[in-house]
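So the structure is just underneath, and the comments pick up after that.
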2 protein chains.
Amino acid sequence: MAEQSLEEREARVAEAMEAFSERLQEAGLKSTKQRDVIVERFFWLDKHISADELLEDVREHQPRIGYATVYRTLKLLVEQGFALPKDFGDGQTRYDPIHNQDPQHDHLICVDCRKIIEFNDDGLNERIQAIAEKMQYQVRRKKIELYAECQIPACPNHPDQSA
Amino acid sequence: MAEQSLEEREARVAEAMEAFSERLQEAGLKSTKQRDVIVERFFWLDKHISADELLEDVREHQPRIGYATVYRTLKLLVEQGFALPKDFGDGQTRYDPIHNQDPQHDHLICVDCRKIIEFNDDGLNERIQAIAEKMQYQVRRKKIELYAECQIPACPNHPDQSA
DNA sequence: ATGAATGCAAAGCGTTTGCATCTGG
DNA sequence: CCAGATGCAAACGCTTTGCATTCAT
């Protein structure tokens, strides 16, 4: 969401790619051109992306990539802890890149324009811990989605806001 | 979740059925034997049920019911505000009956035994309101799921707990 | 060279829909 | 009567899989 310089973005992607490569080697898996492109674009785009959207983007760099490969790579990313599958109720699974520094944010989805806004609230997280503890549970991960409408007359979050 | 006497359950179902019938009439829709059975079983079972599970149950009462009818009825229930579709990541949509008295609860899902526990925490709700307000949004509905593991050595929430 | 990854197309799965038939109001 | 509901099967959209080929190590 926050604006990000090209350098920052490149640094972030490079870091993520490095971590990913390491993990691949650890797991005895191979690094291929397709896999690398998919993962790199996934980290570069850095948004809740669907397999479909990712494939479309990746094909600009590697036209002959098939969707099976995208799905397989996405699954791999999830298994290796680099992505989290999300379902926002629009019929397709979206994948959320996990940055080490922002391990677990929540979402507010505008019911008017479907824009997805990320947020993080410490008070909320504390309360959740407390709730789980009271029930004798320890939270592993959470999924918090607020479906809300904008209160400003003309919803400011229209998709045509240059991304 | 809470134990419920047969009378209570019957009363609850009757009330829900009445409300549903009213809504049907208001909307100029018809009450049919199939529809009634599906809706009644849905309210009676009163859990996060999948179309599949509901169909199986309903067929004990009306064997010739097709799954299209179940899906259509579930959709109707959602449209009319009697059910909320939920996705817990197991590949199929589950439907959560809405009781007037418990309009919007949240869920804790045991990662060990997949048991789904409902809860409701006012402090949590208040905080959520505040978060949305700060962002200039008004929450329409929320989806909060805590995936957590039980801290008691032998997870007490095993599916074989008589339902 | 050898096990893993790819690309394609086919299959799979949950869900929706077209259509002829039936039914409630 | 006639709009709406049903049941069946076919269609659907997203995702997964089988298999022959290619590629990284």
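Note that the structure is a prediction, hence the values are computed from the model and not measured. Chain naming here is simple, since letters A, B, ... match the order of the sequence lines and numbering starts at 1 in each.
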Return the set of residues passing salt bridge (Lys or Arg N to Asp or Glu O under 4.0 Å) with [X] (not counting sequence neighbours), or none when no residue passes.
X: B:E53; value: B:R94
X: B:E10; value: none
X: B:R141; value: none

Task: Non-hydrogen atoms of A:L124 and B:L124 that approach each other most closely - done: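 Of all heavy-atom pairs spanning A:L124 and B:L124, the closest is CD1-CD1, 3.3 Å.
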Open item on the list: Using a 6.0 Å cut-off, check whether atom CD of B:E56 has over 12 heavy atoms from anything other than its own residue.
Closed with: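 Count not over threshold, so no.
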Task: Atom CD of B:Q25: over 12 foreign heavy atoms under 6.0 Å - done: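 Atom CD in B:Q25 is not crowded, with 12 or fewer foreign heavy atoms closer than 6.0 Å.
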Open item on the list: Give me each pair satisfying salt bridge (charged side-chain N to carboxylate O under 4.0 Å, His left out) with a member in residues 28-42 of chain A, each pair once, sequence neighbours excluded.
Closed with: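 Non-adjacent pairs meeting salt bridge (charged side-chain N to carboxylate O under 4.0 Å, His left out): A:R41-A:D57.
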Task: Pairs satisfying salt bridge (charged side-chain N to carboxylate O under 4.0 Å, His left out), at least one member in residues 120-133 of chain B, at least two apart - done: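 Sorted result for residues 120-133 of chain B: A:D121-B:R127, A:R127-B:D121.
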TODO: Just jot down the side-chain hydrogen bond (donor to acceptor under 3.5 Å, both in side chains) partners of B:Q80, sequence neighbours excluded, or say none.
DONE: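 Per chain and number, B:Q80 pairs via side-chain hydrogen bond (donor to acceptor under 3.5 Å, both in side chains) with no residue.
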Task: With A:Y147 via side-chain hydrogen bond (donor to acceptor under 3.5 Å, both in side chains) - residues at least two apart - done: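 Residues passing side-chain hydrogen bond (donor to acceptor under 3.5 Å, both in side chains) with A:Y147: A:E145.
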Nucleotides 2-4 of chain C: which of its N/O atoms have a protein N/O under 3.5 Å away?
{"residue": "C:dG3", "atom": "N2", "partner": "A:K30", "partner atom": "NZ", "Å": "2.1"}
{"residue": "C:dG3", "atom": "N3", "partner": "A:K30", "partner atom": "NZ", "Å": "2.9"}
{"residue": "C:dA4", "atom": "O4'", "partner": "A:K30", "partner atom": "NZ", "Å": "3.3"}

Task: For chain A, the stretch of DNA chain D it reaches, first to last nucleotide, under 4.0 Å of its heavy atoms - done: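 Contact span on the strand: D:dC14 to D:dT25.
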Open item on the list: Among residues 64-72 of chain B, which ones have heavy-atom contacts with DNA chain C below 4.0 Å?
Closed with: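 Heavy-atom contacts with DNA chain C come from B:Y67, B:A68, B:Y71, B:R72.
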TODO: Specify the residues of residues 49-62 of chain A, ordered by number, for which at least one heavy atom lies under 4.0 angstrom from an atom of DNA chain C.
DONE: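 Residues of residues 49-62 of chain A under 4.0 Å from DNA chain C: none.
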- [ ] Five pairs at each end of the helix from C:dA1-D:dT25 to C:dG25-D:dC1: take the axis at both ends and give me the angle between them to 10°.
- [x]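 About 30°, once rounded to a multiple of 10°.
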